[in-house]
Protein chains: 2
Amino acid sequence: MNTYCKFETALDILIGKWKPVILLRLLNHGTMRFSELQKSIPDITKKMLTQQLRELEYHDIVHREVYKEIPPRVEYSITEYGQRMTPLLQAMNDWGVNHIAHLTELYGEERAE
Amino acid sequence: MNTYCKFETALDILIGKWKPVILLRLLNHGTMRFSELQKSIPDITKKMLTQQLRELEYHDIVHREVYKEIPPRVEYSITEYGQRMTPLLQAMNDWGVNHIAHLTELYGEERAE
DNA sequence: CTGTATCCGATGGGATACTG
DNA sequence: CAGTATCCCATCGGATACAG
């Protein structure tokens, strides 16, 4: 009866201006250095990149590997546990693609977003 | 290759402090009046309830039916199209339930949220 | 290279009062 | 009853400078 109580939890973890694009990069590209991520997401600041990565790390979605070198090297990747949410992301993506089409049908091309 | 581009779209529609609980109410209870919704969500203000409902209405998730009576009566319900997102909400919910368990495993009872 | 610290403007959401 | 209008504050995110 009281199902759907926790779908807000999934939401919380994905919320954040840059989390979707960060996840996308890491899923498609695999392991990436901090600077690679930054270059691949031109408008993000270091502050935001760090912050969002730390939140994903807390939730065990992203792994942070620090190499004690000079200059420092830090690599980010999706954890094994994080991989397990790809079906959900895929489902959300499919729904999103369909919904954009639905909005276009309702309101026309211009407001399809 | 470039999959997962639009899962952000699904996110956008569900984002908003009260959207999850509003959806939950309408899904479990069916059609509800404005005042019923407000009573069932004690801390929400009229402003927020109106605003969030309008956004859901724009996306064709919620239907708004106005009865021209004195005093006015307005009933809200999930559209047929909106019903079609229940599998997605269910999937998100399942993931959320599992994730809370995962966090508990990682950090213990206290920080499971 | 990989961050942290600080400031600061934009936005989201709450409290309250008013209206058809 | 079902909203709208206004004001206000807290949080989020951007710009910039500094540090290990």
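Just so we're clear, the structure is a prediction, and the values are computed from it rather than from any experiment. Protein chains get the first letters and strands the later ones, always in sequence-line order, with residue 1 at the start of each.
For R84(A), the side-chain contact (heavy atoms from CB on, under 4.5 Å) partners are E80(A), Y81(A), not counting sequence neighbours. Taking the side-chain contact (heavy atoms from CB on, under 4.5 Å) definition, one finds that V62(A) meets it with L23(A), L26(A), L53(A), L56(A), Y76(A), I78(A), sequence neighbours left out. Qualifying side-chain contact (heavy atoms from CB on, under 4.5 Å) partners for E75(A), counting only residues two or more places apart in sequence or in other chains: T31(A), R33(A), Y67(A), R73(A). In this structure E105(A) satisfies the side-chain contact (heavy atoms from CB on, under 4.5 Å) test with no other residue, sequence neighbours excluded. Remark: H29(A) engages no residue in a side chain to side chain donor-acceptor pair (under 3.5 Å) (not counting sequence neighbours). Every residue meeting the side chain to side chain donor-acceptor pair (under 3.5 Å) condition with E65(B), not counting sequence neighbours, appears here in chain and number order: H63(B).
Rounding to the nearest 0.5 angstrom, the gap separating the CG atom in L27(B) from the CE atom in M85(B) is 9.0 Å. Taken from CE in M48(B) to CD1 in I41(B), the straight-line distance is 11.0 Å, to the nearest 0.5 Å. Atoms CH2 and CD, on W18(A) and E55(A) in that order, are 14.5 Å from each other to the nearest 0.5 Å. To the nearest 0.5 Å, atoms CD (E8(A)) and CD1 (I13(A)) are separated by 11.0 Å.
Of the residues in residues 31-39 of chain A, R33(A), F34(A), S35(A) come within less than 4.0 Å of DNA chain C through at least one heavy atom, sorted by number. Residues from residues 63-79 of chain B placing a heavy atom under 4.0 Å of any atom in DNA chain C, listed by number, are P72(B).
Relative orientation of the H59(A) and H99(B) rings is tilted, given thresholds of 30° and 60° on the angle between their planes.
Chain A approaches DNA chain D within less than 4.0 angstrom (heavy atoms of the protein), and the contacting nucleotides run 5' to 3' from dG13(D) to dG20(D).
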Contact state string [nucleotides 5-11 of chain C, B base, S sugar-phosphate only, - no protein heavy atom under 4.0 Å]: -B-----
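Listed here is the closest heavy atom pair of A10(B) and L88(B): CB-CD2, 4.4 Å.
Nearer the 5' end of DNA chain D, as judged by each residue's closest nucleotide, is the contact made by I15(A), out of I15(A) and K46(A).
When the local axes at the two ends of the helix from dC1(C)-dG20(D) to dG20(C)-dC1(D) are compared, using 5 base pairs at each end, they differ in direction by 40° after rounding to 10°.
Within the structure, side-chain hydrogen bond (donor to acceptor under 3.5 Å, both in side chains) pairs that include any residue of residues 37-53 of chain B comprise R25(B)-S40(B) (at least two apart or interchain).
Looking at Y107(B), its side chain does come within 3.5 Å of a backbone N or O of Y58(A) through a donor-acceptor pair.
In this entry the distance linking CG of L53(A) with P of dG3(C) reads 8 Å, nearest Å.
With hydrophobic clusters built from ILVMFWY side chains whose heavy atoms lie under 4.5 angstrom apart, L11(A) shares a cluster with I61(B).
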